[in-house]
Protein chains: 2
Amino acid sequence: MVTLKDISRDLGLSVTQVSRALGDHTDVNPQTKQRVRAAADRLGYRPNAVARGLKTGRSGIVAMVVSGTRSPEVSAHLLEIVMGLSAEFSRIGLRFVLHVAQPDEDTAQLHEDLFLAGGIDGFIVISPQRQDPRIKALRRLGAAFVVHGRDPDQRHVHVDIDNYGVGYRLADHLLARGHRRIAFLTAGDHTFFSQERVRGLRQAYADRGLDCAAAQVIGMPMIAPEGYRATRDLLSQTQSPTAIIAGNTMLARGVYAAAAECNVAIPDRLSVITHDDGLDLFGTDTFDPPLGGTISPLSDAWVSVARTLQNMIAAQNDGLMECILPLGFREGGSIQSVLD
Amino acid sequence: MVTLKDISRDLGLSVTQVSRALGDHTDVNPQTKQRVRAAADRLGYRPNAVARGLKTGRSGIVAMVVSGTRSPEVSAHLLEIVMGLSAEFSRIGLRFVLHVAQPDEDTAQLHEDLFLAGGIDGFIVISPQRQDPRIKALRRLGAAFVVHGRDPDQRHVHVDIDNYGVGYRLADHLLARGHRRIAFLTAGDHTFFSQERVRGLRQAYADRGLDCAAAQVIGMPMIAPEGYRATRDLLSQTQSPTAIIAGNTMLARGVYAAAAECNVAIPDRLSVITHDDGLDLFGTDTFDPPLGGTISPLSDAWVSVARTLQNMIAAQNDGLMECILPLGFREGGSIQSVLD
DNA sequence: CCCTAAATCCGAAACGTTTCGGAAAAGACA
DNA sequence: TGTCTTTTCCGAAACGTTTCGGATTTAGGG
């Protein structure tokens, strides 16, 4: 292993100056910097991250701990997220690693162990639940972490979208076109984002002086088979809904499949609208007819998440507590007015 | 952060003795050990892994680098592997982390960067190809690593199954039951395990004095949709095979689906046999009729992989270069003699 | 020519741990 | 009592890096 000392000996300099030269500090002769850099290259020097970590207290590594799963859809979704985060962190010079826990393992404890052993500068938490134990542990430890999503029961820095807005806009878009019997396929009630979306939907009804009892909120794991099953059920009702809000594109895929199977044409006999996080496995443009709804690419979220965590690590700056990403909208061809 | 120094001050001992007490060395009074352990507990001491890593040169972290993918099946498969490895390593006191690279990223370079920065004791490599650049890089660096599978072009320690044996036994089992036109769905020819299995299959033909031209070897990504497609093609041939060897259970799923769709009964009109690595998403026992073939649970592989890597890290012991896991066999109900 | 400021360098300490070499105390044996 | 061994302890160095405080040299201004 080539160390600073090796370079300093090679050049007849002090270790200090070599370190400062490579760190591009001001008080070292530009020529010296050149010589040092050349020598470092020539000798194949690589800074030892462990030693640096010991001295600076930072390792340049951020981690995410997730529970293992056997669901292909969930796995794929997760890996997609990890790829996005990895790319973003490597862009800003941090390394992102994943620790996959056993399904029955205590992830809050794992966060604690990982943090206390040192060597991890910060954490990413995704899919928070209410009273999330991971967040509780990280807060207690004073660790740097940013949450994608939000746990309203605890103060923490987070990057999120306006889920109330999502619910409102999706519902409003349908209500404006005469729909009243609307089914909302979303996550279970233990997630705050789902609660918020439902709240938005209710408000949209209220703002038009309508009774939101006509809306049917159904909670489920947000994967295609569940959307399929729910839609089959819905379409067999006597008063089946005229429109379905799919919480994400995976659910929408299930909706499309069920509708096709029941010979219910989209959008003629059923309008479908969704929130698209840009993470669809096959690309949202593979929907026929094109799927409409709100848009907020998760890839945008990752750059905010990464930057925010970087700031938190650099300075214990908890001034900026939240970052709400903007919402787009795609018309698509999956929504039709019931008045037509 | 509580350090050894804090404990030593608290107890009026030297840092040395505290360290040795916690390390359970011999030359410290049993009573002192007790006191030290109690104080460590009371103060909430956690050894700093970074400092320890700097001194000992070991971090207790092993890593695997994989390329990201968008395929749900591949993702799920990968996560299943990672879960298995994580469990095994955590059992022997090592931490296992995953680094997910971008699909177009140079993983050999990533291994190098990770290793040279220090802080990673060893690596796991899976799904090696011939002349695998990752293996080349790790060998050059002198890093500790173990490969699951084998690259015959390079010397490296590996844990594997007898793939020649797999090909031989699967083919032999069918040949003994009168099958001659056998299709073998396997991976592409760039993988050694596939080459070996094919070699085994050919030898099984030869040992019975048969011409292996009757066998049809088809390479493909080993996921269900590919198995499905291939089987559809095969069943539409004029001289369609009487038996199919599916390289893994995912392919077998595709085979079953296609056969069902073509109204070809298993095993009456088509025998199916596979190699089961115990990683099937839905469990191999969900096949109807029960799928037969060779068995070698990957979970067994992980304990060998973990133990072997641990040994390599402890001592640069490269005496034990290979570990070949035993092969089981399940009769199942998916194979029928053509003579009946 | 002296004084000050800027530019460039270096020694030493520190981060928290492990470990080598020895030291002190206590007991065993003559 | 003196010597030798065993038990129990400790100081100090080391791992590779960063950084504080100061030292030396050079240039600038009067």
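Residue numbers start from 1 in every chain, and the chains themselves are labelled A, B, ... in the order their sequence lines are given, proteins ahead of strands.
- Regarding B:Arg20, its CZ atom lies at a distance of 16 Å from the P atom of C:dT17, rounded to whole Å.
- In summary, of the residues considered (A:Phe89, A:Phe123, A:Trp302), a ring-ring contact (aromatic ring centres under 6.0 Å, His included) with A:Phe96 occurs for A:Phe89 alone.
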Candidate pair B:Glu322 and B:Asp160, rule side-chain contact (heavy atoms from CB on, under 4.5 Å), full reasoning: CA-CA 8 Å; B:Glu322 76 171 14; B:Asp160 203 358; over 6 Å; no
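- Of the residues near DNA chain D, B:Leu13 and A:Lys55, the one whose nearest nucleotide (by heavy atom distance) lies more toward the 5' end is B:Leu13.
- Checking the phosphate oxygens (OP1, OP2) of C:dC9, no side-chain nitrogen or oxygen of A:Ser14 falls inside 4.0 Å.
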Run the side-chain contact (heavy atoms from CB on, under 4.5 Å) check on B:Arg95 and A:Leu114 step by step: do they pass? CA-CA 9 Å; B:Arg95 281 207 305 276; A:Leu114 241 37; 3.2 Å; yes
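- One atom, CG of A:Leu22, and another, P of D:dG16, lie 16 Å apart when rounded to the nearest Å.
- Separating the CG atom of A:Leu4 from the P atom of C:dC10 is a distance of 14 Å, rounded to the nearest angstrom.
- Distance, A:Gln17 CD to D:dG22 C1': 13 Å, rounded to whole Å.
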Can you list the steps and then say if B:Lys136 with B:Arg140 is a side-chain contact (heavy atoms from CB on, under 4.5 Å)? CA-CA 6 Å; B:Lys136 205 171 297 177; B:Arg140 179 164 46 78; over 6 Å; no
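- Contacts between residues 24-52 of chain B and DNA chain D, defined by a heavy-atom separation below 4.0 Å, involve B:Asp27, B:Val28, B:Asn29, B:Thr32, listed by number.
- In summary, B:Asp10 and B:Arg42 engage in a salt bridge, as defined by a charged side-chain N under 4.0 Å from a carboxylate O.
- Counting non-hydrogen atoms under 4.0 angstrom, A:Thr3 reaches the backbone sugars and phosphates but no base.
- The nearest whole Å value for the distance from the NZ atom in A:Lys5 to the P atom in C:dC10 is 16 Å.
- The side-chain heavy atoms of B:Asp132 and B:Gln129, taken from C-beta on, include a pair separated by under 4.5 Å.
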Steps toward side-chain contact (heavy atoms from CB on, under 4.5 Å) verdict (B:Val97, A:Ile61): CA-CA 11 Å; B:Val97 302; A:Ile61 299 181; over 6 Å; no
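- Between the CD1 atom of A:Ile7 and the C1' atom of D:dT17 there is a distance of 12 Å, rounded to whole Å.
- Between A:Thr56 and D:dT18 there is no side-chain polar atom (N or O) within less than 4.0 angstrom of OP1 or OP2.
- Between the C1' atom of C:dC15 and the CE atom of B:Met1 lies a distance of 9 Å, rounded to the nearest Å.
- Between the side chain of B:Thr16 and the base of D:dG11 there is at least one donor-acceptor pair of N/O atoms closer than 3.5 Å.
- Rounded to a whole Å, the CG atom of B:Leu11 is 13 Å from the C1' atom of D:dC9.
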